[in-house]
Amino acid sequence: MVKTYDYAVIGAGIAGASVGAELARRGSVLMLEMESRPGYHTTGRSAAILAPGYGPKPIRSLTRASVDFFRHPPTGFCDSPLLSQIDVVMVARSDQMLILQDAIAELSRETTVEQLNDVEMKNLHPLLRDGYAKAGMVDRSGSEIDVHTLHQGYLKLFRELGGTVLTDAQVQSLTHVKNGWQIDTTDATWHANIIVNAAGAWAEQIGSLAGAEEIGLVPKRRTALIVDAPDGFDVKGLPLLVDIEEQFYMKPDAGRLLISPANEDPMPACDVQPDEMDIAYCIDRIENAFDIKVRKIGTKWAGLRSFVRDKSPVAGFSAKVPGFFWLAGQGGYGIQSAPALSRFAAALILGDDIPQDILAEGLDPASLSPDRLGTAA
Ligand SMILES: Cc1cc2nc3c(=O)[nH]c(=O)nc-3n(C[C@H](O)[C@H](O)[C@H](O)COP(=O)(O)OP(=O)(O)OC[C@H]3O[C@@H](n4cnc5c(N)ncnc54)[C@H](O)[C@@H]3O)c2cc1C
């Protein structure tokens, strides 16, 4: 006898875990994850930053609407704070000043950003090479996110609400049947009334199994490395520092430095590994901007940030096949926006009104709809 669930969520990364927890309050939910460990792919490979000014407008609205959850998660969700404060600084060379001015003009409508001159930039980040920074801006409302605790908190909440997580359960086919979907995994068959596609870099492939529209999702590789700080330099208190054109970033990480070339290299969904060229570009850009000589690389990794063409997430029912919900395209912002995006998605799935606090942050629901991509035919 095939067991029937109200909802089947495909993928147990932050998107699947958070929407699963929201849905489990109201119905039976099965979460299917192809890996042995939830969080193995992009969720476990992030830089763990909440930057209110980062990403397209819908993401910035979702991020602001997520802050309250991060600061006041439900009782029992976690034993330690989810956020710790970090300044988010954008740096501009003299040839990047117009871009900086545009960014300040746009972001100061939404969040408090301060413009900094070259001396203030050097004071805030003493490792900047003399003469590199012409100016910059700082947003003091940024945070580091304890991603592991957040993700585990959602999975724990999901299970406490009666949800079932199955690992080593790769979805291999989806068949639309009377009143819902038949789901075949590697070694079992399930039935669910509604499918929620939270498969990260594989979301387009899951859409294709269901016969849904294409959304034009492109997974893009981003690489990060941990390196030593210069001898005797204490990195504590350093901000996250990002090039205004996102050519690199650096942040303190447990006494060392996390650096990234901020690359966005398109590639097929896979267990992506760092590329030697990414590492070479990264070191070159970092050594150009900072008084640092990278001698030894510690940990290095890469992850896939998946985007549709306007870089905003896709959250909504397919216009082509019934009972198939997209929750994809979170790009480089899927952790910081997860609390609000999951509540938004759950409201659509359950037929509820969209939460007022999310709308109050200026989110236009149409900006997340798969229909905006015009690919349903
Ligand atoms: C280097 C890097 C830095 C980043 N920094 C930040 C940051 O500072 N702040 C921020 O907010 N975001 C950041 N991000 C982005 C963030 O990590 C992602 O937006 C987010 O993790 C996406 O979550 P997800 O659940 O959609 O995807 P994933 O975590 O990849 O989860 C999708 C899951 O679906 C499963 N799956 C796929 N196909 C199937 C199938 N057929 N059957 C069953 N399961 C399947 C996969 O195994 C996977 O576990 C960063 C990303 C990278 C790579």
Side-chain angles (χ1 to χ4, degrees), residues 8-20 30-52 54-55 59 62-63 66 70 86 88 142-145 147 150-151 154-155 165-174 183-186 195-210 217 219-225 240 242 249 251 258-265 269-272 274 278 282 300-307 311 313-315 326-339 341-342 345:
V9 176
I10 303 176
I14 192 63
S18 54
V19 77
L30 174 67
M31 193 181 298
L32 296 165
E33 167 55 53
M34 69 179 174
E35 301 291 351
S36 313
R37 181 170 66 76
Y40 176 75
H41 288 290
T42 311
T43 296
R45 306 180 190 205
S46 88
I49 288 290
L50 184 156
Y54 189 44
I59 281 290
L62 290 166
T63 300
S66 294
F70 283 120
I86 189 168
V88 178
S143 300
E144 288 191 275
I145 306 169
V147 178
L150 175 73
H151 187 215
Y154 272 123
L155 289 171
V165 188
L166 293 183
T167 52
D168 298 307
Q170 183 177 35
V171 172
Q172 296 193 320
S173 78
L174 294 169
I183 307 156
D184 291 296
T185 60
T186 328
I195 302 272
V196 181
N197 177 8
W202 288 264
E204 192 87 271
Q205 292 172 22
I206 294 293
S208 155
L209 288 182
L217 190 75
K220 295 184 174 177
R221 183 181 71 246
R222 176 158 290 189
T223 304
L225 340 171
L240 164 71
V242 190
Y249 64 82
K251 70 165 214 173
L258 185 159
I259 59 175
S260 171
N263 52 321
E264 294 191 346
D265 299 304
C270 65
D271 183 1
V272 65
D278 299 348
C282 184
K300 57 185 175 183
W301 70 93
L304 294 174
R305 301 156 79 246
S306 299
F307 297 93
K311 293 199 146 187
V314 184
W326 289 99
L327 183 55
Q330 293 87 342
Y333 340 98
I335 314 285
Q336 65 177 43
S337 58
L341 182 58
S342 57

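Every number for a ligand or one of its atoms is a count from 1 in the order of the listing.
Side-chain atoms of T186 and Q170 include no donor-acceptor pair closer than 3.5 Å.
Within 6.0 Å of NZ in K300 there are 12 or fewer heavy atoms belonging to other residues, nucleotides or ligands.
Here the closest heavy-atom approach between residue L155 and residue A17 is recorded as CD2-CB, 3.7 Å. Closest non-hydrogen pair, A12 versus P38, comes out as O-CB, 3.5 Å. Residues A269 and L304 approach most closely at CA-CD1, 3.9 Å, considering heavy atoms.
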Pairs of nitrogen or oxygen atoms, one from ligand 1 and one from the protein, closer than 3.5 Å: please tabulate them with distances.
{"from": "ligand 1", "atom 1": "5 (N)", "to": "A47", "atom 2": "N", "distance (Å)": "2.9"}
{"from": "ligand 1", "atom 1": "8 (O)", "to": "A48", "atom 2": "N", "distance (Å)": "3.3"}
{"from": "ligand 1", "atom 1": "8 (O)", "to": "I49", "atom 2": "N", "distance (Å)": "2.9"}
{"from": "ligand 1", "atom 1": "9 (N)", "to": "I49", "atom 2": "O", "distance (Å)": "2.9"}
{"from": "ligand 1", "atom 1": "11 (O)", "to": "I335", "atom 2": "N", "distance (Å)": "3.0"}
{"from": "ligand 1", "atom 1": "11 (O)", "to": "Q336", "atom 2": "N", "distance (Å)": "2.8"}
{"from": "ligand 1", "atom 1": "12 (N)", "to": "G332", "atom 2": "O", "distance (Å)": "3.0"}
{"from": "ligand 1", "atom 1": "17 (O)", "to": "T42", "atom 2": "O", "distance (Å)": "3.3"}
{"from": "ligand 1", "atom 1": "19 (O)", "to": "G331", "atom 2": "O", "distance (Å)": "2.8"}
{"from": "ligand 1", "atom 1": "19 (O)", "to": "G334", "atom 2": "N", "distance (Å)": "3.0"}
{"from": "ligand 1", "atom 1": "21 (O)", "to": "T43", "atom 2": "N", "distance (Å)": "3.3"}
{"from": "ligand 1", "atom 1": "21 (O)", "to": "T43", "atom 2": "OG1", "distance (Å)": "3.1"}
{"from": "ligand 1", "atom 1": "23 (O)", "to": "T43", "atom 2": "OG1", "distance (Å)": "3.3"}
{"from": "ligand 1", "atom 1": "25 (O)", "to": "I14", "atom 2": "N", "distance (Å)": "3.2"}
{"from": "ligand 1", "atom 1": "25 (O)", "to": "A15", "atom 2": "N", "distance (Å)": "3.0"}
{"from": "ligand 1", "atom 1": "29 (O)", "to": "T43", "atom 2": "N", "distance (Å)": "2.9"}
{"from": "ligand 1", "atom 1": "29 (O)", "to": "T43", "atom 2": "OG1", "distance (Å)": "2.5"}
{"from": "ligand 1", "atom 1": "30 (O)", "to": "T42", "atom 2": "N", "distance (Å)": "3.2"}
{"from": "ligand 1", "atom 1": "30 (O)", "to": "T42", "atom 2": "OG1", "distance (Å)": "3.4"}
{"from": "ligand 1", "atom 1": "41 (N)", "to": "V171", "atom 2": "O", "distance (Å)": "3.2"}
{"from": "ligand 1", "atom 1": "42 (N)", "to": "V171", "atom 2": "N", "distance (Å)": "2.9"}
{"from": "ligand 1", "atom 1": "44 (N)", "to": "M34", "atom 2": "N", "distance (Å)": "3.0"}
{"from": "ligand 1", "atom 1": "47 (O)", "to": "E33", "atom 2": "OE2", "distance (Å)": "2.6"}
{"from": "ligand 1", "atom 1": "49 (O)", "to": "E33", "atom 2": "OE1", "distance (Å)": "2.7"}
{"from": "ligand 1", "atom 1": "49 (O)", "to": "E33", "atom 2": "OE2", "distance (Å)": "3.1"}

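Using a 4.5 Å heavy-atom cutoff, the side chains of L225 and C282 are in contact.
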